[in-house]
Structure formats: C-alpha cells, structure tokens
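Before any comments, here is the structure.
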Amino acid sequence: ILFKYSMKGTTMSNYWGYHLRIDARACVIEKIKSIPYVLQYNESLLKLIGMKSMGDPWIQDCGPRDRPDLCGITLLQPIETSSITAHLCNESGDGYLDIFSCKPFDNEAVVAHFREWFEPQNAKWDFTIRQAC
C-alpha cells in the first residue's frame, strides 16, 4: 500500500516502528556509483533524522558480475533504533532506501533529502507504521 502518513498525534506507546521506503528512478550516475559520496549522504541522513549509528556502516559495490544491471552499492547502517539500508544501481541509476526505526522521524524531510543528494528523475515513497498483531 502506497500512502503518506502524518505523524501528528502518534506516540511511542501506540506503535512499535516506523518504516519508510523510497524507490527512485534514474539518479545521477556519478553520485550513485561513488562510495565516498554515499558515505557522506549516510552521515548527513543520520544527522537529519537524529539517529545514532551503531558502528560503521557496511558498504560495498556488489552484485553478480554476469548481471551488471543488478550491480551497485549496498549500504547497511545499524542504528540505535534499528537500521538503514540502501541499494543503488550502477547502470540505471535507480536507488532504493529503507529506514526502519522505533523512534519517529520526519519521513517527508528524508524524501526531500534523498532527492537533493541523488537528483532522481522520479521517486515514489511509502511510509508504514508497524505493530505486531
């Protein structure tokens, strides 16, 4: 389900977690393929949403070499309240970002931040408040 959700009126006692997913098409290739740039973005993102990293991120240009369309940078950043993950595709410039946290964050600011850093031609996002049944 794709939707935008306002955090107004929510409290931590009501929900377990907050999950943002961004799917972005045709970002600037030079930015998507640069490990140093993606690491700078990660640091900036952590500051933006006020999250504390739990150690260094794992970042690698990976994927099956016989399928270059699937290759790109993968980032895994454990945070005190859960995790940030991203996969950025070398050939297409497509980018995928997930943030899951039990601490609320400004999802619209994260989307704007991603767009500012990677300049996708198009992006969609969804935000889900999660609670186990």
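A distance of 6.0 Å or more separates the ring centres of W125 and F114.
For the pair I79 and M54, the tightest heavy-atom approach, listed with the atom from each and the gap, is C-CG, 3.4 Å. Closest heavy-atom contact between A109 and L48: O-CD2, 3.7 Å. Counting all heavy atoms, side chain and backbone alike, Q77 lies closest to S53 at NE2-CB, 3.3 Å. Closest approach of R115 and A123 over heavy atoms only: NH2-O, 3.2 Å. Considering every non-hydrogen atom in both D98 and H19, the closest pair reads OD2-NE2, 2.9 Å. Residues T81 and M51 come closest through the heavy atom pair OG1-SD, 3.4 Å.
No donor-acceptor pair under 3.5 Å is formed between the side chain of R25 and the backbone N or O of G95. Of the possible polar contacts, none joining the K33 side chain to the D61 backbone as a donor-acceptor pair under 3.5 Å is found. Checking side-chain atoms of Y37 against main-chain N and O of W117 turns up a donor-acceptor pair under 3.5 Å.
Distance CD1/I84 to CG/L45: 4.5 Å, rounded to 0.5 Å. Of the inter-residue distances, the one linking L39 atom CG with S44 atom OG reads 12.5 Å to the nearest 0.5 angstrom. Once rounded to the nearest 0.5 Å, the distance linking SG of C71 with CG of L88 reads 13.0 Å. A distance of 6.5 Å separates CG in N90 from CD1 in I73, rounded to the nearest 0.5 Å. Taken to the nearest 0.5 Å, the CD1 atom of I35 stands 12.5 Å off from the CD atom of Q40. Taken from CZ in F127 to OH in Y18, the straight-line distance is 7.5 Å, to the nearest 0.5 Å.
Y96 and I32 are assigned to two separate hydrophobic clusters, defined by single-linkage of ILVMFWY side chains at heavy-atom distances under 4.5 Å. Using a 4.5 Å cut-off between side-chain heavy atoms of Ile, Leu, Val, Met, Phe, Trp and Tyr, with links allowed through other members, L70 and I29 fall into different hydrophobic clusters. I59 is connected to L97 through a chain of hydrophobic side-chain contacts under 4.5 Å among Ile, Leu, Val, Met, Phe, Trp and Tyr, so both are in one cluster. Hydrophobic clustering, with ILVMFWY side chains joined whenever heavy atoms are under 4.5 angstrom apart, groups V38 together with L46. Placement of L20 and L76 in two distinct hydrophobic clusters is found when ILVMFWY residues are connected by side-chain heavy-atom separations under 4.5 Å, directly or transitively.
Side-chain atoms of H87 and T74 form a donor-acceptor pair, as typed in the model, at a separation below 3.5 Å.
Side-chain contact between I99 and F105 is present, with at least one heavy-atom pair separated by less than 4.5 Å. Using a 4.5 Å cut-off on side-chain heavy atoms (C-beta onward), S83 and P78 make no contact.
A cation-pi geometry, defined here as NZ or CZ lying under 6.0 Å from the six-membered ring centre and within 45° of its normal, holds between R130 and F100.
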